[in-house]
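Okay, so here's the structure we're looking at.
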Amino acid sequence: MQKVIEVKNLWKVYGKRRARFTALKRLSLDIYKGESVAIVGKSGSGKSTLMHLLALLDKPTKGTIKIEGLDASKLRARKINRLRNRSFGFVFQQFFMNSNETVYENVLLPLKIAHTRRGNRKRLALEALKSAGLKDRAKDKAGELSGGHKQRVCIARAIVNNPQFIFADEPTGNLDSVTGEKIIQLLFGLNQRNGTTLVIVTHDEDLAARCDRQIHLRDGEIINITKKKGVKK
Amino acid sequence: MTVGIFKTANRRLWRNKARSFLTIMAIFVGSMTVMLIFAINNGVSRFIDEQTRNLGGEEYIMITPGSNASALTSVLTGTNNLTEYSSRDNFFTAAQVQEIKNLPGIDAKNFYAPKTLQNTSAYLTSNQTKKKFNFTYTTLLSEDYDIAMGYGELPRPDTDAYEIVLQSGMAEVLGFASDEAALGEPLKIVYQNPYSRRYRTFVARIVGVTSANIATINQPIISTALETAIYNFYTEYAPDSQKGQIYYIKTRVDLSKTTMQELQQTLAEKGFYSTTVNDMMGEMRGFFEIVVKLLMVLGWITLITSAIGVVNTLLISVEERTREIGLNKALGMSSLKIFANFSAEAISLGFWGVTFGIIVAMIAGNFINDFAHQAGGFLEMFPTFELCQFAFNDIVVVGLIVMAIAFLAGTIPAARAARKNPIDALRYE
Ligand SMILES: Nc1ncnc2c1ncn2[C@@H]1O[C@H](COP(=O)(O)OP(=O)(O)OP(=O)(O)O)[C@@H](O)[C@H]1O
Ligand SMILES: [Mg+2]
């Protein structure tokens, strides 16, 4: 199996002096191509922090992260932007979207940034909307949607560029079980069909159990890594 | 792509109508002020130039013997007209004329030393009045005269006809309804020969009326043919020694060979009195220039103030849109692009402000011009004085400078936006 993300002795410290807070400690971890990994743990254990570091949205205080063999700290801003734009898909814990723009415009954003050609843009955006079950909501204002629909907009935005990695922070957190199940199907579908690597932060034990591996965090440290039952890896 | 940036920038500005509008208003007021001041500067200097040309142009100098000051021109410069008494003869000898003609820098091809009549007794009258008026005249000495005409034309240089041009205002004194009504009408000029005591009436047609100006020749202008006829009549029985004296010399100066100052210095050393157009216009021009410069400073201060408005508007906008910026960065937008986006907004604010500023300044300028020239307006006396004149160059310069100022003002907030860390930005509530 090919290692696509290699993490060695990762530390993340927030704040300075008295306000210092160590969110991640001595963290080492490998993620393989096409794998689905769940990051689990109590609130405040550092799950989101870890996900942000893996997705190159933030810089570690200490330690190295390699993406496809390249040391992230040595990559140029341009290359990192390109990776985030073309190879990564994100679902953030808070929704993070432009609430006064339409659903369609929100989903289109990564493609706009990528300067995808107009014709392709439209096709890709409509496909993503359809997969997320938002086909007839395209023209609605994003800010006026229900929590569940907002979550779906974020999912659609994450998959619109057919990324190799999807980083999802609580992707089912705001969804009822039926819709949640649909989203899970969608993510694992991409994982199976396209070999998309999934990194999912979740409280949902059911969802975690369906991932190939579960990384258990406590106070910023890995306390255990478990594997999916019944699958040999 | 660049067009796209400005499109989105304007869409974003539109989303914050109230704030954008206020900033644009600030820039608008600044650019309008500056534009108007540029226009007034233009209007004033063009008017002064026109006045200068009325007096024969900047290259001309008028030389009189001794302290006999210019008799032909009168200027409202506020200088006193008392000149020092000199016992010298008040006309040039032939040798003096030659001496002056040979001075370095004197353009002999445009050298006028006319024989003129002095102390003549003549009067002017019309069919419209019984009154008689003292008559003195001038002729066009140079083709460089570019006299602003209110009505009609200057006398044609090659005509055989007796033609006369009145100065603005004279027609009404002569009994005509207005300057315009006098056009084409005859005037009677009556001379008495000093030897035979006979009278002769010359009938001259009014071909034009000059427009009112600050600095001008204050006598009627007559055609060369009429002047020759008068001269011949007047000197018919005179001894040769008195057949006309040279009381003044007017000449073009080749400024590539000498400076006016140098020439005037030389003339003064030789005991001649000289006047240039700049002598006459200098003070007035200097005064206007100071006023315009002061106004200009005020205009730029207004513009700088509005630049601070741009900084403020965009800084608020950066804070407000921290999350949006963070999201864009998280999704891979480069810092440069974010910088460009904010700069485009700044430039757009500048563009709209300055566009409206220029348009309104032009409307206001025309309004001011009309207002100044209407009956009772403050420039009614000077119909050729267009106070506000808009030059294409100035419009381009003001437009570019204002947009540059807006861009510079926008760099601070734009840089701040570009520096934001995506995650910090996303956490920002
Ligand atoms: N920018 C920051 N400055 C200071 N402390 C921070 C910052 N971001 C996170 N932390 C702290 O780091 C710890 C880990 O935060 P993180 O968001 O990774 O937790 P989490 O596991 O995702 O929790 P949750 O399940 O509630 O989302 C928390 O105690 C949090 O308060
Ligand atoms: Mg979290």
Side-chain angles (χ1 to χ4, degrees), chain A residues 12 14-15 23 48-60 76-101 105-118 141-143 153-154 157-158 160-161 163 165 167 169, chain B residues 1-21 313-314 316-345 348 414-429:
Chain A
K12 180 70 189 178
Y14 287 113
S48 298
T49 305
L50 175 59
M51 192 196 93
H52 292 155
L53 287 174
L54 294 178
L56 308 184
L57 288 166
D58 205 355
K59 292 205 167 78
R76 294 187 186 202
R78 226 182 112 97
K79 171 75 177 160
I80 291 183
N81 284 335
R82 234 184 124 81
L83 270 175
R84 287 209 296 251
N85 185 224
R86 313 238 165 142
S87 309
F88 295 177
F90 301 105
V91 179
F92 298 103
Q93 190 168 6
Q94 293 89 352
F95 304 118
F96 293 130
M97 44 191 200
N98 297 323
S99 5
N100 39 22
E101 289 190 342
E105 279 168 339
N106 268 285
V107 173
L108 208 63
L109 188 57
L111 303 177
K112 265 193 188 165
I113 294 172
H115 297 298
T116 309
R117 266 190 280 119
R118 259 164 215 287
K141 257 208 172 162
V153 174
C154 295
R157 186 179 65 198
V160 74
N161 54 350
F165 298 83
F167 298 93
D169 202 341
Chain B
M1 207 200 100
T2 7
V3 179
I5 281 189
F6 283 100
K7 257 193 200 161
T8 9
N10 278 295
R11 209 177 324 125
R12 264 188 251 114
L13 291 177
W14 185 246
R15 220 180 274 153
N16 263 308
K17 281 182 242 15
R19 196 195 304 143
S20 306
F21 176 75
T313 300
L314 291 178
I316 295 174
S317 184
V318 169
E319 290 315 313
E320 246 182 30
R321 275 152 50 197
T322 296
R323 304 174 94 224
E324 186 193 327
I325 296 167
L327 179 61
N328 283 329
K329 289 193 94 173
L331 296 181
M333 189 179 279
S334 69
S335 301
L336 190 70
K337 182 75 191 289
I338 288 170
F339 183 86
N341 282 345
F342 272 87
S343 299
E345 280 180 46
S348 299
R416 196 173 202 179
R419 265 204 311 272
K420 288 207 180 270
N421 178 344
I423 280 305
D424 290 349
L426 284 175
R427 279 190 197 278
Y428 184 95
E429 299 294 332

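Nothing here was measured: the structure is a model prediction, and the numbers come from that model. Order of the sequence lines fixes the chain letters, A, B, ..., with proteins taken first and strands second; residue numbering starts at 1 for each chain.
Residues N100(A) and R15(B) come closest through the heavy atom pair ND2-CD, 3.7 Å. The minimum heavy-atom distance between M97(A) and L327(B), with the atom names listed, is CA-CD2, 3.9 Å. P422(B) and L57(A) make their closest contact through CG-O, 3.6 Å (heavy atoms, listed as atom of the first residue, atom of the second, distance). For the residue pair F90(A) and A330(B), the shortest heavy atom distance occurs at CE1-O, 3.3 Å.
Considering CG of L331(B) and NZ of K112(A), their distance stands at 12.5 Å, rounded to 0.5 Å. In this structure, NZ in K337(B) is found 4.5 Å from NE2 in H115(A), a value given to the nearest 0.5 Å. The CG atom of N328(B) sits 11.0 Å away from atom CG of N81(A), with the distance rounded to the nearest 0.5 Å. With rounding to the nearest 0.5 Å, the separation of CE in M51(A) from CD1 in I423(B) is 7.5 Å. Summarising the geometry, atom CG belonging to L109(A) is positioned 8.5 Å from atom CD belonging to E324(B); distances are rounded to the nearest 0.5 Å.
Neither the backbone nor the side chain of F88(A) comes within less than 4.5 Å of any heavy atom of chain B. At a 4.5 Å heavy-atom cutoff, F167(A) makes no contact with chain B through either its backbone or its side chain. Using a 4.5 Å cut-off between heavy atoms, R78(A) makes no contact with chain B at all.
Atom CZ of R82(A) has 12 or fewer neighbouring heavy atoms from other residues, nucleotides or ligands inside a 6.0 Å radius. Dense packing is recorded around CZ of R19(B), with more than 12 heavy atoms of other residues, nucleotides or ligands lying under 6.0 Å away.
R84(A) contributes a side-chain N or O that, together with a main-chain N or O of K329(B), makes up a donor-acceptor pair within less than 3.5 Å.
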